[in-house]
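Letters A, B, ... mirror the listed sequences (proteins, then strands); counts begin at 1.
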Amino acid sequence: MFMKFNSVRGTKDICPPEIELWQYLEKTAVELLQDYGFSEIRTPIFEESGLFNRSIGEDTDIVEKEMYTFADKKGRSLTLRPEGTAGVVRAAIENNLLAQGNLTKLYYLGPMFRYERPQAGRYRQFYQIGAESIGSSSYWRDVEIILWCVEFFSRIGLSGIKVYINSVGCPECRPGYREVLQKFLQENTTQLCADCQRRMVRNPLRVLDCKVETCRQVVSRMPAIQNYLCQSCRDNFQDIQQALQKENITFTVDKFLVRGLDYYTQVVFEIKSENLGAQDAVAAGGRYDKLVKELGGPDMPAVGFALGMERVSEVLKKQRAGALMETWVDIYFALLGKQAQQESFNFIRDLRQSGLKVEACLEDKSLKNQMRQADQGKAKLTVIIGEEEIRKGIAMVRDMQTKEQKEIKLNDLVSFLKELKLK
RNA sequence: GUGGCUGUAGCUCAGCUGGUUAGAGCGCUAGUCUGUGGCACUAGAGGUCGCGGGUUCAAAUCCCGUUAGCCACCCCA
């Protein structure tokens, strides 16, 4: 009996030609990150569960119900990383990358795992590219990161994106606002949905982005966090807005923007695409000034972001997939007969070594078929070698655009093709 | 985790109220064109009708379950 297997729920294969798009995105992102002074760091895909509980927050949905947590053979509780920041911060501390008073800029890319119900733009294994600037409290670092995102999206030619920002305060002022909020919600508890009545107690900030109509009405009358920020948070929020304006980055202040990870402080941002469904955030991030210390490192402020590869490639596919998913070869060898295959294999090997993209038909197909393969492979040149050519010691070289064909001696073929400068 | 929609050839889908050998377009292979691509015509290959059960003389079609995908909620990148 044969068994057929499928990829597990919420995971998928990235096949050609889509992978061309991914490679393009990764390459563009990495180049731009390096231009901004970030260095790559690769951390393990699983960590001690406690790392995520501690950094993301015990009361968050991610930790509560979305983590792939398992016990290894020694009974240690491990978790597949649901996001990148915690691991990067842990690694930076552990490897003494954080020198007091210095700035450390790191980027990462790779798969993350969350047990959620799959949907468009939401997978259980999904890929993120992200970066962290650790060691600076300058709001220009926040701006730098938002600017990176804006520039990245413009560089890959993505339109229809919008930047949203908000300030979620700091340990000084957030507790105060939280209390005000809780009090307000308690007074209006009868108008809240069941979920929000639960949130009200545990994480009242989350009521802010509830979509239920009655909750929204309550929310619209709710005290805004801006009015409860401490002086330094308020200044910081002002400074960033001014800086963004100065840099011509258009943004919207969304006073309901709350992030689902507890470690954020002060300014958080989200970049959304108009061309996606409900899962429309393509990149997001913010400042997390307390996390490094929280994880046993020096008391260092930090700011970072992550972008979702699936979502970005999804939008890009709609907007300009054709050009980016194209593949081609420089030279295609159409071969007829055993001897032609034997003679040509060396040529092909030689040409490939010199950096040309070469493909050949080694499968005894009709010439018509081979020509079609060459055409579909978008070959620039096709080299035809059959029994007659072998006998005469030549090859037919056909220019696929002009349809011009000329005879080249087999001895001269490789050097002739190399000199054409097809690259 | 909740609700709705869907699952028929490699791909996109049609198959009405259950009735003989399950269809189309695209793609693929071949021929027209004795060894030359992109067009056209012709022919051919290719299907456990998601899976399991039930109703029935008879199920791709009706019912139940299950699984996967999509959409929304939730959450987030």
What's the closest nucleotide to the side chain of A:E388 if the choices are B:A72, B:G35, B:A77?
B:G35
With a non-hydrogen cut-off below 4.0 angstrom, is A:G121 in contact with a base, only sugar-phosphate, or nothing?
base
Between B:G23 and B:A9, how far apart are the P atoms? Round to whole Å, please.
14 Å
Residue whose nearest RNA chain B nucleotide is more 5′ - A:E83 or A:Y115
A:Y115
If you only use heavy atoms from C-beta on, which nucleotide in B:C76, B:C28, B:G35 is closest to the side chain of A:A281?
B:C76
Tell me if the aromatic rings of A:W148 and A:F38 count as close, with their centers under 6.0 Å from one another.
no
Counting only side-chain heavy atoms from C-beta out, which of B:G35, B:G37, B:C76 sits nearest to A:L336?
B:G35
Roughly, in whole Å, what's the span from NZ in A:K272 to C1' in B:C75?
12 Å
Do A:Y288 and A:E132 get their side chains close enough for a donor-acceptor pair, meaning under 3.5 Å?
yes
Lys/Arg N to Asp/Glu carboxylate O, A:E179 vs A:K183, below 4.0 Å
no
Hey, is the side chain of A:S366 poking within less than 4.0 Å of OP1 or OP2 on B:G35, counting only N and O atoms?
no
Nearest heavy atom decides the nucleotide; on that basis, is A:A374 or A:L307 closer to the 5' end of RNA chain B?
A:A374
If you measure only the distance, is there a donor-acceptor pair under 3.5 Å linking the side chains of A:E270 and A:N166?
no
Please state the C1' separation for the pair B:A60 and B:G7 - nearest whole angstrom.
12 Å
Which of the following nucleotides, B:U29, B:C74, B:U32, is nearest to the side chain of A:R122?
B:C74
P atom, B:C63 versus B:G4: distance in rounded Å?
15 Å
Distance check, P atoms only: B:C39 and B:A30, in whole angstrom units.
16 Å
Presence of salt bridge, A:K317 and A:E310, under 4.0 angstrom
no
A:M309 near the nucleic acid: base, sugar-phosphate alone, or nothing, with a heavy-atom cut-off under 4.0 Å?
nothing
Tell me which nucleotide among B:G37, B:U36, B:C75 gets nearest to the side chain of A:M396.
B:U36
Check whether any side-chain N or O of A:R372 sits under 4.0 Å from OP1 or OP2 of B:U29, and answer yes or no.
yes
Please tell me if A:Q370 has a side-chain N or O lying less than 4.0 Å from either OP1 or OP2 of B:U29.
no
Per atom distances to the A:P118 side chain, the nearest of B:U36, B:C75, B:C70 is B:C70
Out of B:C75, B:G37, B:C70, whichever nucleotide has its closest atom nearest the side chain of A:M371
B:G37
Is a salt bridge present between A:E294 and A:R54, judged by a nitrogen-to-oxygen distance below 4.0 Å?
yes
Would you mind checking if A:K406 and A:D399 are paired as a salt bridge, meaning a charged N to carboxylate O distance below 4.0 Å?
no
Answer yes or no: is there an ion pair linking A:K105 with A:E144, defined by an N-O contact shorter than 4.0 Å?
yes
In this structure, how many angstroms lie between the C1' atom of B:G69 and the CD atom of A:E116, rounded?
17 Å
Report the nucleotide, chosen from B:G37, B:A77, B:C74, that has the shortest atom-to-atom distance to any side-chain atom of A:D61.
B:C74
How is A:G84 classified with respect to the nucleic acid when contacts are heavy atoms under 4.0 Å: base, sugar-phosphate, or nothing?
nothing
Output the rounded distance in Å from CD (A:Q119) to P (B:U6).
18 Å
Tell me: CD of A:E26 to P of B:A77, nearest whole Å?
19 Å
Under 3.5 Å, is there an N or O donor on one side and an acceptor on the other linking the side chain of A:E389 and the base of B:G35?
yes
Quantified in whole Å, what is the P atom distance between nucleotide B:A43 and nucleotide B:G25?
11 Å
Counting side-chain heavy atoms from CB outward, which of B:A77, B:G1, B:A68 is closest to A:R117?
B:G1
Rounded distance (Å) that lies between atom C1' of B:A77 and atom OH of A:Y123:
12 Å
A:N369 has its side chain closest, among B:C75, B:A77, B:U29, to B:U29
Give a yes or no on whether a donor-acceptor pair under 3.5 Å exists between the nucleobase atoms of B:G69, that is its base, and the side chain of A:R9.
no
Rounded to the Å, how far apart are A:I56 CD1 and B:A77 P?
9 Å
Donor-acceptor pair between A:Q125 and A:Y127 side chains, under 3.5 angstrom
yes
Do NZ/NE/NH1/NH2 and the carboxylate oxygens of A:E83 and A:R81 come within less than 4.0 Å?
no
Show me the dot-bracket string of RNA chain B, counting Watson-Crick or G-U pairs under 3.5 Å, with | for pairs to another strand and [ ] for crossing ones.
(((((((..((((.....[...)))).(((((.......))))).....(((((..]....))))))))))))....
In plain terms, say whether A:E31 and A:K27 are close enough for a salt bridge, that is, a side-chain N and a carboxylate O under 4.0 Å apart.
yes
Roughly how many Å apart are B:U12 and B:C71, using the P atom of each and rounding to a whole number?
15 Å
What integer number of Å spans the P atoms of B:C76 and B:A68?
24 Å
Nucleotide B:G35, atom C1' - distance to CD1 of A:I385 in whole Å:
14 Å
For the side chain of A:Q405 and the base of B:U36, is some donor closer than 3.5 Å to an acceptor across the two?
yes
With a cut-off of less than 4.0 Å, is there a side-chain N or O of A:Q376 near OP1 or OP2 of B:C28?
yes
Please report the distance separating the P of B:G19 from the corresponding atom of B:G69, rounded so that it comes out in whole Å.
32 Å
Can you tell me how far P of B:G69 sits from CD of A:E314, to the nearest Å?
15 Å
